[in-house]
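Let me begin by presenting the structure, written as structure tokens, before commenting on it.
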Amino acid sequence: MGAEVRSTCPYCGVGCGVLLSADGSGGLAVRGDPAHPTNRGRLCSKGSALGETVGLEERLLAPQVHGSTATWKDALNLVATRFRKTIETHGSDSVAFYVSGQMLTEDYYVANKLMKGFIGSANIDTNSRLCMASTVAGHRRAFGTDTVPGVYDDLDEADLIVLVGSNLAWCHPILYPRIMAAREKRALRLVVIDPRRTASCEGADLHLALEPGSDVALFNALLAEVARRGAVDRDYVSAHVEGFDPALKAAQGSDPAFTGLSQETLRDFCDLWIGTEKVVTIFSQGVNQSSSGSDKVNAILNCHLATGRIGKPGMGPFSVTGQPNAMGGREVGGLANMLACHLDIENVDHRDAVRGFWNAPAMPEAPGLKAVEMFRAVADGRIKALWIIHSNPAVTLPDADTVQDAIASCPFVVVSDITAATDTARRANVLLPATAWAEKSGTVTNSDRTISRQRAALAPPGEARPDWAILAEVAQRMGFAEGFNWDSEAEIFAEYAALSGLAGTSGKDFDISNRAGLSSSDYDSMPPFRWPDGPAKSGGRFFADGGFYHPDGKARMLALAPRAPAAALTPEHPFRLNTGRLRDQWHTMTRTALSPRLSAHLPEPFVDMHPDDAARLGLAPADLLRLESPQGSAILRLRITRDVQPGHLFAPMHWTGETAPSARIDALIASVTDPVSGQPESKAAAVSAARFEAAWYGFAIATARPRPECAYWALARTDRGFRAELAGTEEIADAEDFARALFGLPDAALQMSKDMAKGRTRLAFMDGEILLAALYLDHKPVRLMRDFLAGLPGTETPWALAGTARGDMPDPGPVVCSCYAVGRNTILRAIGAEGLQSVEAIGASLSAGTNCGSCKAELAALLQQGVSRAAE
Ligand code: SF4
């Protein structure tokens, strides 16, 4: 192993530090960085498995033009020429960049400078639009700037933490244990506000299962109660806040019944919130991904402003972002409606200042197309050249099938990515191989404004290049050589830092210009720092003493009225579909699906339904369910659970055409957006649900990737190769032919068994005693010890057709603890046999939960289940 390199995790917005050791053969050991202020050495399950995702199996290693390998020179010339000619013929707004919260700040800076300063359009938007644009809008409306007031230390100092639309235990997994640890030391209370019961509820004092979209009504009710109980901080409001009276009047006129919560529950929540001075309200996608997302954010901010609980230790509203550099993108101008460094695109002084700094030939005077609008413009032909960088909009945009078709129909599409195996990249004219996380150097900003260096630990494979260098090469070929002639990301950072000085002189807050003169070696060794720099009297927090960024220096409270989700429930579409993330997957799985242990947690796409609804529809566990909306359809495995309310469904958002083509969940989502932020309503679709009537069901295991051709399939990696779930609508004429085609094994030795009475056929392909692949077919959902069978390919297994474990090899069940690969059945057996009474006892017995701790909430739930079983 080489010397350890300090870097950052590329997944969520927590922004953990990692230490990377290259093994010299392309492999990488990863551990948490004990010196990083965010995580102090800890990593969650995804971060711990980063080393499993750096292989070259699916990497794009050379440019491709129209499906053929090309030289960089030819590919870059083509991109520059097509963009230039499109602009000459159709104007600067006929082109667009769709970029990503996965990009480093330096990459973002170059893309933004090229589009806004030199092409002269603001048609650059980031996939962070899908993640936290409503927070940006809410912050700007309330504070006059998009600034998170608090810091992570507030989680240690709060006496009450409220999670709103945030499954923190799974989606920001290093922050949740931090709260649990604080709870062990003192009387910290936790409230979860979410229509769904999530893993975050395991440690909560109160769960408010409110109606989807009713957060404004809830926080209006809280604001009205704050006033009724005399808890308004009159001094703070009169000195620092405008709009209190109309906001309160609107809150008092708002009907709390809209939340669907009982008066007792509302009272309990108000008692806790109003009675606890040190309260942090954490909010995330459940707030943002809504047609009233900006209003939801402002409803939360209203309550904190009215009570002066902002910017002080242990109190404040706290947005936690999804992506590793969503915050960096917000700072550097990655959104179509922002300039750079929190400067405003509509402000002529700001525009002129940036124009002068860049010596820019063309600057847009108005915001560009936001993500959903951008792909509408692609569909209707207004956008004729599109560059997509590190994003998969063919899967993640609402109405994803239409977006996929729009990309395919666009005259010229460039995709820069690390892989060609995405639903988006497959529709590109030009593919440009970019460096991946462990090969990149630059900076990222996390949710508490800490800027950290990402440092390369691996050499770029093949012909991969950094994004900033690709963008600069294209800019130079478009005739903009002078503005894009950096030699390193350090030079770009220095220019960016210098630009931020304009924000300081324009009265804005994002000013890191004291780093403008940083040398390359200083940049390389730059430790994490939180802006604003310097000895902040409030520990790096904003707004404890006012100082807002509206012209009068005051914050704004807004008068808000609750609105129902835009997609109305109808007799044809009676279910409310919520979508979200899983613990061990990241976005469209281009990296996490490479890790067998991450794939073992929940290896198949699913939909959760309440038992009452399942009974009414005559459904049984493990049925396949077809969901339909006016936009599209999906087929998913049914899980029956009381975690969702009657009439509600939940499905994860990760699966794609590469892993489960019928489970592209955003194909069901209407392209309805928040009118202020442009963020799509991804969590409140109206859908129908009915059993998918399959003629047959199958489960497959194999050493090599199967190639399914059937109505439903879902593929996951295992330690031994792959596992797949299958189902079809037409009877299989010849099971052997079908299986040989599925596995690509035309000549392998076959074992086969048929049970005509039960309608079961089982086939195993062997190389001597070694199992190559097996397929288990049935006329109903296949019942097997799947997690046990998944470990058999490539081993001596002459008895695979049995489909069950031998007595000495018990089925571990689905993985719960990814770090130590401990399965659900193993845990339940140990709880029963050893009388385990606590999560710590499970850890002592099985090691589960003792490394990253991401599974502790699930262990607690299993403990409950085990205790209940014992009591039965
Ligand atoms: S919480 Fe996990 S996924 Fe998020 S940055 Fe930290 S290690 Fe990465």
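Side chains are part of it too, since the values below use all heavy atoms of this structure and drop only hydrogens, waters and symmetry mates. All ligand and atom numbering here is 1-based and tracks the order in the structure. Note that the structure is predicted; figures quoted are calculated from it, not measured.
The ligand atoms of ligand 1 that sit less than 4.0 angstrom from a heavy atom of Tyr11 are 3 (S). Using a 4.0 Å cut-off to heavy atoms of Leu43, the atoms of ligand 1 that qualify are 7 (S). Within ligand 1, the atoms closer than 4.0 Å to a non-hydrogen atom of Gly15 are 5 (S), numbered from 1 in the order shown.
The nearest protein atom to atom 6 (Fe) of ligand 1, hydrogens excluded, is given as Cys16 SG, 2.3 Å; this is a heavy-atom distance. Protein heavy atom nearest atom 4 (Fe) of ligand 1, with residue, atom name and distance: Cys12 SG, 2.3 Å.
The backbone N or O of Leu163 sits nowhere less than 3.5 Å from a side-chain atom of Ser166 that would complete a donor-acceptor pair.
At least one N, O or S atom of Cys44 sits under 2.8 Å from atom 2 (Fe) of ligand 1. Inclusion of Cys9 in the first shell of atom 8 (Fe) of ligand 1 is supported: an N, O or S atom falls under 2.8 Å.
Classification of the Trp531-Phe510 ring pair by plane angle, with boundaries at 30° and 60°, yields perpendicular.
For the residue pair Ser134 / Lys296, no side-chain donor-acceptor distance below 3.5 Å is found, with atom types taken as modelled. For the residue pair Thr419/Glu58, the side-chain donor-acceptor check at 3.5 Å is not satisfied. Of the N and O atoms on the side chains of Ser48 and Arg597, not one donor lies less than 3.5 Å from an acceptor on the other residue.
The structure places CZ of Arg530 at 8.0 Å from CG of Asn446, a figure rounded to the nearest 0.5 Å.
When Leu168, Ile174, Asp584 are checked for heavy-atom proximity to atom 1 (S) of ligand 1, Ile174 turns out nearest.
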